[in-house]
Amino acid sequence: MCGIIGCVGCGDGTLSTLLHGLSKLEYRGYDSAGVALVGDGSLRVAKKAGKLDALEAAVEERADLAGTVGIGHTRWSTHGPPTDDNAHPHQDCTKRVAVVHNGIIENYQSLRDELAESGHEFDSDTDTEVVPHLVEASLEAGRDPEAAFRDAVARLEGSFALACVVEGTEAVFVARNDSPLVLGIGDDATYLASDVPAFREFTDRVVYLEDGEFARLTADGWSVSDVDGTLREKTVDTVDWDPEDTGKSGYDHFMLKEIHEQPRALRQCLQGRVDELGGSVTLEELDDLDLERAHLVAAGTSYHAAVYGAQLLRDDGVPAQAFLSHEYATSPPPTEDATVIGVSQSGETADTLAATREAQRRGAETLAVTNTVGSTMARECDHVCYIRSGPEIGVAATKTFAGQQTALNLLTQHLSPGPVDRDLIAALRDLPSDVQAILDETDAEAVGETYLDSDAYFFIGRALNYPVAMEGALKMKEITYKHAEGFAAGELKHGTLALVTPDTPVIANVIGDGELARKTVGNVKEVEARDAPVVAVTDGQSDVERYANHVLEVPETHPRAAAILANIQLQLVAYHTAAKLGRSIDKPRNLAKSVTVE
Ligand code: F6R
């Protein structure tokens, strides 16, 4: 939700570095973008509604747009529609100050009223615009630029990652509270961004900022201080993935690339954690985790992984329940002794952070299951288990869902009071090659093509395949903009069956040949009798193929692994449907990759 970039020390390459960074951050928001550059004593700003190419075109016309220090922003609207005026950077009345912001300033209305009363005029509907005006007021009172920025930040309530430049001062001033910010430490330049891909091509050395910290970037280097201005020692970490990981590598879309990266992502997740010979799972990082009962909290796709994970734990005798994090944060259940597991790809989702923080406030132990090293959730929770999927740029989560499912399997085996399930260990070992087999042989494109004009899509599954059905439907809606619903298969006949027609394909996950499969085949027969087309995602053990118009096969394996494999087929159906409809697959309308506001 909004991406920030900044750089100092890039010389003539400042503008191109900012635009490059914005292109890597567009997944965070893409309804408008802008840059501000300081150099030769002047401050110059360009901003434009629309995707980044609109800003790039506008910048081409601006020969004056040069500088050696710069900040940039790509926006996902919270206050006011996507217009040129509402795009960041925002400025003060004198146009000497420019500010970019990610987050929500909760007390902006009272600040705006106060500033308006003392004569400040506003150009936008945003909450952000109060910040440059507050800086302006302090500059007028005789404060130097850094002190003026600190004064402004001291007046703010809410969540913010802020970067500010001031005419005549070759520095970027930065503050963080509840929204991510990371510094990139190059040999000659220093970078600032909401996320590492923005500058990964230039450096792999990073410094994560904490809530309440300020940073100052100048040609002489960088420093981090606390709210009182006391300098802080910071650790410089090294990121361990390649810049290539953030490019499309010849695929039409990041989403397709990331779907195809799943064998590698799952291998990374399993590496060094599964000892097949010894029949054990080791999550060293969780050796001191003492869990008797679990509440898994998450949103969106991660919630579906949480529902899946909760069932794994319950099936192994650990009381566990999954909650939507936004609901959990506001009305937590009374259970005091539960370990709260935040499941979040980004580790920055405000709703899920609110839930883990509420749990910590109540004294509960917390665990983050996340993909993002150094994310807020990873740093705040008592324990962290990384899913190791590598960077995911497409807004629709794909490889990280499979990574979460896999990591939750490892977690369950690690915690399980009973003996390790050797069949599962073997199935997890084969998971990357089983996923590869699906990618090589899938008929998902034909399914997408056949049902392109459908009124709606219904996804059904039981037990572990119920969250997979919900996830299949979510993927379908977010990238195709078509109506889709995911159900526990038994629920379909309790109402939704009324919507089933020849124009509503039903995509059924039927794994194994046991009771669950037999019951789901019964549900398939019910829809088939209403002339709805059926797409069966199956390992071929049941007779569902007899009632299906299309079959998407998954290799026969352990049911826990099969639910991971079934989802791969659903990802591909959603992808090919969206591709044939010509949708904006990597940046679906109205969405953003990381939702850092509640
Ligand atoms: C859907 C999707 C979202 C996220 C949700 C939580 O494809 O990506 O539903 O799953 O916004 O995000 P994280 O996992 O970062 O907490």
Side-chain angles (χ1 to χ4, degrees), residues 1-3 27-29 76 102 178-180 194-195 253-256 258-259 262 296-309 322-329 340-357 366-378 380-381 384-387 389-405 407-408 459 467-468 470-481 484 486 567-568 570-575 578 583-598:
M1 175 147 325
C2 297
Y27 71 90
R28 300 179 66 86
W76 187 85
N102 171 30
D178 267 356
S179 292
S194 305
D195 199 358
H253 298 98
F254 280 111
M255 179 177 177
L256 189 60
E258 287 155 6
I259 288 173
Q262 289 176 113
L296 292 91
V297 293
T301 289
S302 294
Y303 172 69
H304 301 148
V307 173
Y308 170 87
F323 297 85
L324 288 163
S325 50
H326 27 96
E327 293 294 310
Y328 191 90
V340 175
I341 305 177
V343 184
S344 171
Q345 174 280 128
S346 62
E348 301 291 351
T349 299
D351 291 321
T352 309
L353 279 170
T356 50
R357 285 173 182 166
T366 52
L367 161 65
V369 176
T370 181
N371 193 34
T372 313
V373 176
S375 58
T376 306
M377 197 173 302
E380 287 188 1
C381 284
V384 58
C385 172
Y386 288 113
I387 65 172
S389 300
E392 188 176 69
I393 308 294
V395 162
T398 51
K399 62 175 178 172
T400 55
F401 179 67
Q404 288 166 338
Q405 288 178 298
L408 288 165
F459 292 76
V468 173
M470 292 199 288
E471 174 57 11
L474 179 62
K475 222 77 317 175
M476 188 64 118
K477 355 184 192 203
E478 71 183 319
I479 61 166
T480 68
Y481 313 155
N567 180 61
I568 311 291
L570 303 187
Q571 293 171 348
L572 287 161
V573 172
Y575 172 81
R583 301 296 192 234
S584 169
I585 292 184
D586 287 330
K587 296 170 198 156
R589 70 180 177 208
N590 305 338
L591 300 182
K593 181 78 183 157
S594 177
V595 186
T596 54
V597 290
E598 279 183 74

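As the structure lists them, so they are numbered: ligands from 1, and atoms in each ligand from 1. In what follows, residues are counted from 1 in the order of the sequence shown.
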inquiry  = Quick one: does any side-chain atom of T366 pair with a main-chain N or O of C381 as donor and acceptor, under 3.5 Å?
reply    =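 A pair under 3.5 Å: no.
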Are a donor atom and an acceptor atom from the side chains of [X] and [Y] found within less than 3.5 Å of each other?
| X | Y | result |
| --- | --- | --- |
| S375 | E348 | no |
| T398 | K475 | no |
| Q571 | E471 | no |

Where is the nearest protein heavy atom to [atom]: which residue, which atom, and how far?
| atom | result |
| --- | --- |
| atom 15 (O) of ligand 1 | S346 OG, 2.6 Å |
| atom 11 (O) of ligand 1 | V595 CG2, 4.1 Å |
| atom 7 (O) of ligand 1 | E478 OE2, 2.5 Å |
| atom 6 (C) of ligand 1 | A299 O, 3.3 Å |
| atom 14 (O) of ligand 1 | S302 OG, 2.5 Å |

Can you see which heavy atom on [X] is nearest to which on [Y], and at what distance?
| X | Y | value |
| --- | --- | --- |
| V395 | K587 | CG2-CA, 4.4 Å |
| P588 | Y481 | CA-OH, 3.5 Å |
| G472 | F459 | O-CZ, 3.6 Å |

Just which atoms of ligand 1 are under 4.0 Å from any heavy atom in [X]?
| X | answer |
| --- | --- |
| K475 | 1 (C), 7 (O) |
| T349 | 6 (C), 12 (O), 13 (P), 15 (O), 16 (O) |
| S344 | 13 (P), 14 (O), 15 (O), 16 (O) |
| A397 | 7 (O), 8 (O) |
| A396 | 7 (O) |

inquiry  = If we set the cut-off at 4.0 Å for heavy atoms, which region of V395 has an atom near ligand 1: side chain, backbone, both, or neither?
reply    =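 Under 4.0 Å from ligand 1, V395 contributes backbone atoms alone.
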query = Which is it for E348 and ligand 1 at heavy atoms under 4.0 Å: side chain, backbone, both or neither?
reply =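 Neither part.
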key: Identity of the nearest option to atom 2 (C) of ligand 1, non-hydrogen atoms only, from L474, T352, T301   =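 The nearest heavy atom belongs to T301.
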request  = State whether E380 and R357 are salt-bridged, where the test is any N-O pair (Lys NZ or Arg NE/NH1/NH2 against Asp/Glu carboxylate O) under 4.0 Å.
outcome  =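 Answer for the salt bridge query: yes.
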request  = State whether the shortest distance between N or O atoms of G300 and N or O atoms of ligand 1 falls below 3.5 angstrom.
outcome  =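 No, since none of the N or O atoms of G300 sits under 3.5 Å from an N or O of ligand 1.
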Sub-3.5 Å N/O-N/O distance, Q404 and ligand 1 =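 Looking only at distances, the answer is no, because the N/O contact criterion of under 3.5 Å is not met.
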task = Working to the nearest 0.5 Å, report the span between CD1 of I479 and CG of D586.
result =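 CG of D586 is found 9.0 Å from CD1 of I479.
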query = Below 4.5 Å, heavy atoms only, C-beta onward: do L367 and T356 meet side chain to side chain?
reply =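 Contact flag for L367/T356 side chains = no.
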